[in-house]
Q: 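I have a structure here, written as structure tokens, and I will follow up with some questions on it.
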Amino acid sequence: MPLLDLLYVASVPILKVLILTALGSFLALDNIHVLGESTRKELNRVVFLVFNPALVVSSLAKTITHESIVTLWFMPVNILCVFIVGSALGWILIKITRPAKQLKGLILGCCAAGNNGSLPFIIIPAVCREKGSPFGSPDVCSTYGMAYVSLSMAVSAIYMWSYVYNIVRISSRDVTKEADNDGHGGSSSAVKDAGEKPELIQGNYSEAFRPSKEFPVSDEYELLLPCTNSEGIAEVHLSDKIKQCFGMISRKLNLKAVLAPSTTAAIVGFLIGVVPQIRNSLIGASAPLHVVADSASLIGGASIPTVTLIVGGNLLRGLRGSGIQSSLIVGILAVRFVFLPLIGIAFVKGAIHFGLVHSDPLYQFVLLLHFAVPPALNIGTITQLFGAGESECSVIMLWAYGSASIFLTLWSTLFMWLVA
């Protein structure tokens, strides 16, 4: 297929995204005030809890089988590679630019986590429906393409909320600790200057470490304390220690966030597709409960346009600007749109050469697309949770998604030429 035709096919879905994004920005203007901040938050909540899970479960349930699971095993590995390489490049960028400490988690997140959800959900169906697409029949292409994108969205959500969430949390916590130390830094030095020994050294160690109502001890520190039977202290059983460990890990990783609705929907979609009895009762025109699957597909169809309008409204905040370094913005754009796509081509082509990826051109295109998308939109949600770099995140997203209209079109054209 000629390169100019591929360029046209790749540019059409990007233009659709830009038109919907511009409409969202227009509706979010103060004079219009249709998509105000409170409205966007409520819509985002509906998308997060209803639209996206319905889209994921309906797409996966239609296409996932025992055979397809065997062929799709490489996708989680591919996305993990993006996170690892992006984090390494982000760490190099931090060392070069030396940004403020509260921005380190944001920079690593923007370099590591790409938009493998809403943006591919728009690009893949549009590419499949475009005349002259190199991926065959539009119906078959859309069906399997949505399954590939649904799986990548679910896997990315797990990596996002287990990795990016925690590095932003740690980054914001370190800044808070430094602020507290600056405010109360004289207390320890005052004790030393007075020449007094701390009571901890003078007294009994087990008594000093024993939790009390005035000075409670958190679970992670309780696990480090020795258990004794003296003075009526009950010995902690092994099962209790294991429960405490799992409880601590659950709080540290925020498993509720990891098991986001879209991730849970992906698990349900897998079960429906893999278990023949459930699949036969829900999927297909002759299935007795096909109305349930059709309803989920109908609800999920609202996800893509709604998310795109919200993105347009959120990007409007970036126009107000912030004090972020221009070198940081340029560095993040270079990581996402130059270095990662080049590394992705080498990685995916190497996997194809060694027989790790099957020969479906659409599947290979989705794998390559993981390396070329702009930063994930959920990074903005995470920064809002911890109040670390919200305005800077809006500016980064504005530049990233504005630049994606050019870079993503060019990379998509090259990717289609490589796999066609």
Side-chain angles (χ1 to χ4, degrees), residues 79-116 119 156 159-183 185 252-254 257 311 314-344 370-404 406-408:
I79 298 174
L80 180 62
C81 176
V82 177
F83 271 75
I84 294 174
V85 175
S87 298
L89 295 174
W91 180 80
I92 295 173
L93 179 61
I94 289 173
K95 291 297 181 182
I96 294 173
T97 58
R98 300 185 181 277
K101 287 191 175 181
Q102 69 269 18
L103 298 180
K104 290 182 178 180
L106 171 63
I107 295 167
L108 287 174
C110 288
C111 293
N115 187 337
N116 295 320
L119 200 56
S156 298
Y159 293 156
M160 164 74 67
W161 291 102
S162 59
Y163 173 66
V164 177
Y165 175 89
N166 282 288
I167 61 174
V168 174
R169 176 180 62 84
I170 293 170
S171 177
S172 60
R173 185 183 63 185
D174 290 342
V175 174
T176 304
K177 281 184 177 181
E178 284 191 2
D180 292 339
N181 290 336
D182 291 340
K252 288 292 184 183
L253 293 181
N254 196 355
V311 169
N314 289 337
L315 292 182
L316 193 64
R317 293 183 303 176
L319 293 174
R320 299 184 178 93
S322 72
I324 188 171
Q325 303 169 235
S326 57
S327 58
L328 274 179
I329 298 176
V330 173
I332 292 172
L333 296 181
V335 168
R336 296 256 31 134
F337 296 127
V338 179
F339 297 114
L340 275 178
L342 292 174
I343 295 172
H370 290 158
F371 288 87
V373 290
L377 295 173
N378 279 332
I379 297 174
T381 304
I382 295 173
T383 57
Q384 285 179 341
L385 290 175
F386 299 105
E390 292 180 65
S391 59
E392 291 85 355
C393 182
S394 298
V395 176
I396 292 172
M397 292 298 174
L398 175 66
W399 281 96
Y401 280 81
S403 304
I406 299 174
F407 287 105
L408 191 54

Q: Over all heavy atoms of both residues, which pair between Ser87 and Tyr163 is shortest? Give the atoms and the distance, please.
A: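 In this case the closest contact between Ser87 and Tyr163 is OG-OH, 2.6 Å.
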Q: What are the two closest non-hydrogen atoms of Met397 and Pro375, and how far apart are they?
A: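 For Met397 versus Pro375, the nearest heavy atoms are CE-CB, 3.9 Å.
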Q: Where is the tightest heavy-atom contact between Pro99 and Leu328, given as atom of each residue plus distance?
A: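 In this case the closest contact between Pro99 and Leu328 is CB-CD1, 3.7 Å.
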Q: Suppose we screen for ring pair (Phe, Tyr, Trp, His ring centres under 6.0 Å). Which residues come up paired with Tyr159, at least two apart in sequence or across chains?
A: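 Tyr159 satisfies ring pair (Phe, Tyr, Trp, His ring centres under 6.0 Å) with Phe83 only.
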Q: Could you walk me through whether Asn116 and Val82 satisfy the side chain to side chain contact (heavy atoms under 4.5 Å, CB included) test, starting with their C-alpha distance in whole Å, then the side-chain angles of each, then the deciding distance to 0.1 Å, before giving a yes or no?
A: CA-CA 11 Å; Asn116 295 320; Val82 177; 5.9 Å; no
Q: Testing the basics here: between Val164 and Ala113, what is the closest heavy-atom pair and its distance to 0.1 Å?
A: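 Heavy atoms of Val164 and Ala113 come nearest at CG2-CB, 3.9 Å.
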Q: For a side chain to side chain contact (heavy atoms under 4.5 Å, CB included) check, start with the C-alpha distance between Arg336 and Val373, then their side-chain angles and the critical distance, and finish with the verdict.
A: CA-CA 7 Å; Arg336 296 256 31 134; Val373 290; 4.3 Å; yes
Q: Quick one, Tyr401 with Leu377, criterion side chain to side chain contact (heavy atoms under 4.5 Å, CB included). Give me CA distance, side-chain angles, the key distance, then yes/no.
A: CA-CA 10 Å; Tyr401 280 81; Leu377 295 173; 3.3 Å; yes
Q: Could you give me the CA-CA distance, side-chain angles and deciding distance for Thr383 and Glu392, then say whether side chain to side chain contact (heavy atoms under 4.5 Å, CB included) is met?
A: CA-CA 10 Å; Thr383 57; Glu392 291 85 355; over 6 Å; no
Q: Indicate yes or no for a side-chain donor-acceptor contact from Ser172 to the backbone of Arg169 under 3.5 Å, with no hydrogens or angles considered.
A: yes
Q: Looking at every heavy atom in both Cys111 and Leu340, which two are closest together, and how far apart are they?
A: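 That would be O-CD1, 3.6 Å.
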Q: Mind listing the closest non-hydrogen atom pair of Pro374 and Ala404 along with its distance?
A: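 Residues Pro374 and Ala404, closest heavy atoms: CG-CB, 4.1 Å.
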Q: Determine yes or no for a side-chain-to-main-chain donor-acceptor pair under 3.5 angstrom, with Ser394 supplying the side chain and Leu316 the backbone.
A: no
Q: Which donor-acceptor pairs under 3.5 Å do side chains of residues 90-97 form with protein atoms, sequence neighbours excluded?
A:
from: Thr97; atom 1: OG1; to: Leu93; atom 2: O; distance (Å): 2.8

